[in-house]
Amino acid sequence: MYVAVKGGERAIENAHAWLAEERRGNTDIAELSIAQIREQLSLAVNRVMAEGSLYDPDLAALAIKQARGDLIEAIFLMRAYRTTLPRFGASEPVDTGIMACDRRISATFKDLPGGQVLGPTFDYTHRLLDFKLAADGEVPKAPSRDAETGNVPHVTEFLNREGLIEEAPHDDTPPPDLTREPLEMPSPRALRLQALTRADEGFTLGLAYSTQRGYGRNHAFVGELRIGSVPVEMDIPELGFAVEIGEVILTECETVNQFTGSKTEPPQFTRGYGLVFGQTERKAISMALVDRALRWEELGEDNVGAPAQDAEFVLYHADNIQATGFLEHIKLPHYVDFQSELELVRKLRREAGAQQVQEAAE
Amino acid sequence: MTPLLSVQGITKRYGAHIGCADVSFDLYPGEVMGIVGESGSGKSTLLNCMAGHLTPDAGQVVFDTRTDGRRDTITMSEPERRMLGRTDWAFVHQHARDGLRMGVSAGGNVGERLMAVGERHYGDIRDKATDWLGRVEIDASRVDDRPTTFSGGMQQRLQIARNLVTGPRLVFMDEPTGGLDVSVQARLLDLLRGLVRDLGLSAIIVTHDLAVVRLLADRLMVMKSGRVVEAGLTDQVLDDPQHAYSQLLVSSVLQV
Amino acid sequence: MTEYNFAYLDEQTKRMIRRAILKGLTIPGYQVPFASREMPMPYGWGTGGVQVSAAVLTPKDTFKVIDQGADDTTNAVSIRTFFQRTAGVATTTATSDATVIQTRHRIPEEPLHEGQILVYQVPIPEPLRFLEPRESETRKMHSLEEYGLMHVKLYEDISRHGHIATSYAYPVKVEGRYVMDPSPIPKFDNPKLGDMAAIQLFGAGREQRIYALPPYTQVVSLDFEDHPFEASKADHPCGMCGATDSYLDELIIDDLGGRMFVCSDTDYCEARQAAGHKGKDAA
């Protein structure tokens, strides 16, 4: 006697309860606070803000806590929250030239106006597990000096003065908004950059790495990498001028790439650009390399068939929320499709079998 | 008689470089026109402009369509031009891979054009495909094999069958024997000559191989630096070239 | 969840989706790009259908959700609960009582009537996708009506297997114009697509496409004259209600590989049982 499977609703409720318990873990251990996550797992918070397309460290910390540290799940929570927020308008373009830099390095010039500032980087740490941290996380205070004031000019501006790098002409066309318009091909660079800035870090890194290994190689140097805070201004129609509404920390990477010239352009350097929320330099550098690789057509370069040159391939597969959703949906029941395949395979096998029998008889 | 194709003043530039300049000629039904010249002479640019693969900067390509009479195919809408491309026109690429679907069986390759124009009877499509394989000397037993398992000569013959199955009235051929061994070339040329004669095909053949035009073309145009330097009946041009460049071209072949 | 708007999405977004739906209805079978929003469920789990449902639901509607034909599979439960919470609409499992039905992979057995809306969840809206991976190219193929390649695929199936080896998501041609993916419904359901009294809406969230079939649209499954389309199913009656005309799930009922077949449409099966029909495996 067969009884149909029922009770999906209860199963779901129970699963949720269990999940909540697992998230909390052993209750003898103190619970993590949002502030602890925000302050001590700040690079995870930054990634969640960047790929979640929402600048709010506290919400990102909450998402990480709720997601049990699964960053893609946390990004998903941020995106789902973001979509419910009313849209008041768009900010003025931020000016990274007035960034208060915590870090600013150039791989192309040894010294330059504004100087090189290493900032809080892992770069020259020896990757040795620090067992002191397991016992006691107290750290001595880092030396400090007064912040530099004034603008920090971009390295590419120096090259531009000599005409050695392609012009990046000012353009007042409002950029399309990826979150309001469907992504369609071919897409302008502004839209590609939007897609890349919230693209999955791992995917972007892999693509960027592939260009370095020859799949669409474009000889990138980090012209400049800067991390710091910039003011965000918004035009208030009632006031008739822009008002500062807050600050965001950004990572900006400008690569300087070789270019042999084309029929219309003399040999010069070209640009790749990366701009990402928070301290996220691996992502920003990767973004700049992929941006540059995607520009092959406008620069009159050869399409060598490299994945990083293929805008459709890159943009349609870079979003980890789309990717993880579709990937994981194969866990959902597919009884119906599977049943129809089952019947087809049985039918084909039956016929193949019948044919063999007939051939044997002949 | 109305020309099947009237080419008038076709010009295509690549920046400052001239692809082809001010080319005009008429092609009459049943006629085969050969276009010869060294690489870079503009013959492939011209062919691609005529076949709708490139948009020329100036000029007309007027085709005598079945339904609406003479039409400029350059100003035609894209759907109309594509329709022409799968009915009355055919294009044989130098490399069979460019003109075939390598992941589809030989029968599917030949049948595609039939299905594209609305044939919906599997048995008929398959019969026609098999018939055409025979006409290009491919054994009927290979109908379900993919072209990846074919030799270069067979692939090229399959490409020809795929193109001719819908009875096109005009065939563009881009170096149809290029990239094949000499013995294979001879067999293919022989086959092409038979098909052209039996079907009364009109064709435009671009090649750098004078033997190809000697065998197939009624008339000849010699191109150099994007311009036609000499045109006339094939035998006339080959046996008594007037332009210095044509003389050079003919003599360089004779030397070989 | 009072902090969210009726049916979760804000009114501006719903208007945008409605415009896409209206465009889809006026050009049956044409895939309308729309700016799909991030939803609180994963892409691939019905976000397209959910957005379409959110855009068409009104407070007076009665909502039904099925997944694989069943009202009580986990994802159907999850989506139904979502709209109970965010829209407060009445829900039902009875096909005939519902005004909006969201479905994944099935069309209900009971014929739909005028005034009903059937919303499909669509994973890959592009019927040409697995023949041509490039969106820019497939859109061109649709606009120029270049569908020869689609039949090449069917031709290859027959030459290799003797049959068209597509058993679900079987492509159709709408009003003699657009080739359309009916979503992964079994081909058994294909004949119900055409000439249907209800409005059919298809939402693909991740792929950002909406398409539609207005009532009584002509929908033809692609085939060859000598290999006509066949709507097939397991050759058994339902073990529970004895129906011979419904699509069946196959269940493995013991360790020895014993099997039984039951209606995949749970509402249809239960209604028949309630009316006294009994299959051989019923208690």
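Heavy atoms only: backbone and side chains are in, while hydrogens, waters and symmetry mates are out. Just so we're on the same page: letters track the sequence lines, and every chain starts at 1.
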**Report entry** Derivation of the salt bridge (Lys or Arg N to Asp or Glu O under 4.0 Å) call for Asp310(A) and Arg134(C)
**Finding:** CA-CA 10 Å; Asp310(A) 186 334; Arg134(C) 261 161 218 293; 2.5 Å; yes
Query raised in the report: Step by step, would you call Asp249(C) with Val336(A) a side chain to side chain contact (heavy atoms under 4.5 Å, CB included)?
Result: CA-CA 7 Å; Asp249(C) 281 341; Val336(A) 165; 4.3 Å; yes
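Of the candidates Glu343(A), Lys347(A), Glu341(A), Glu341(A) is the only one forming a side-chain hydrogen bond (donor to acceptor under 3.5 Å, both in side chains) with Ser167(C).
From Met16(C), atom CE reaches atom CZ of Arg180(A) across 7.5 Å, with rounding to the nearest 0.5 Å. Going from atom OG1 of Thr81(C) over to atom CD1 of Ile12(A) covers 6.5 Å, rounded to the nearest 0.5 Å. Atom CG of Leu9(C) is separated from atom OG1 of Thr84(A) by 10.0 Å, given to the nearest 0.5 angstrom. Interatomic distance, Gln322(A) CD to Tyr43(C) OH, rounded to the nearest 0.5 Å: 5.0 Å. Atom OH of Tyr335(A) and atom CG of Leu248(C) lie 15.5 Å apart (nearest 0.5 Å). Within the model, atoms CZ of Arg10(A) and CG of Asp72(C) stand 13.5 Å from one another, a figure rounded to the nearest 0.5 Å.
Pro123(C) has its side chain within reach of Phe326(A): a pair of non-hydrogen atoms, C-beta onward, lies under 4.5 Å apart. Side-chain contact check for Phe261(C) versus Gln339(A): some heavy-atom pair is nearer than 4.5 Å. A 4.5 Å side-chain heavy-atom check between Leu332(A) and Gln68(C) finds every atom pair outside the cut-off.
Of the possible polar contacts, one joining the Gln208(C) side chain to the Leu183(A) backbone as a donor-acceptor pair under 3.5 Å is found. Of the possible donor and acceptor atoms, none in the side chain of Arg139(C) sits under 3.5 Å from a partner among the backbone N and O of Met185(A).
Taking Gly325(A), Pro182(A), Ala352(A), Ala80(A) one by one and counting their heavy-atom pairs under 4.5 Å with chain C, the maximum is reached by Pro182(A). Annotation: maximal heavy-atom pairing with chain A below 4.5 Å, among Asp71(C), Asp67(C), Thr74(C), occurs at Thr74(C). Counting heavy-atom pairs closer than 4.5 Å to chain C, the top residue among Leu77(A), Asp337(A), Thr179(A) is Asp337(A). Options Lys331(A), Arg87(A), Arg346(A), Glu181(A) differ in how many heavy-atom pairs under 4.5 Å they form with chain C, and the most are formed by Arg346(A).
Residue contact with chain C, scored on non-hydrogen atoms closer than 4.5 Å, involves the backbone and the side chain of Glu328(A) alike. Only the side chain of Leu348(A) comes within less than 4.5 Å of a heavy atom in chain C; its backbone stays farther off. Looking at Tyr316(A), the atoms closer than 4.5 Å to chain C (heavy atoms on both sides) all sit in the side chain, from C-beta outward. For chain C, the nearby part of Glu312(A) is the side chain; its heavy atoms alone come within less than 4.5 Å.
At a heavy-atom separation below 4.5 angstrom, chain A is approached by Pro33(C), Phe34(C), Ala35(C), Arg37(C), Glu38(C), Met39(C), Pro40(C), Met41(C) within residues 31-41 of chain C.
Closest approach of Leu344(A) and Ile164(C) over heavy atoms only: CD1-O, 4.3 Å.
Annotation: salt bridge (Lys or Arg N to Asp or Glu O under 4.0 Å) contacts involving residues 14-23 of chain A, sequence neighbours excluded, comprise Glu22(A)-Arg68(A).
Glu351(A) and His161(C) share no donor-acceptor pair across their side chains, judged by distance under 3.5 Å alone. Using modelled atom types, one finds a donor on one side chain and an acceptor on the other under 3.5 Å when comparing Arg104(C) with His334(A).
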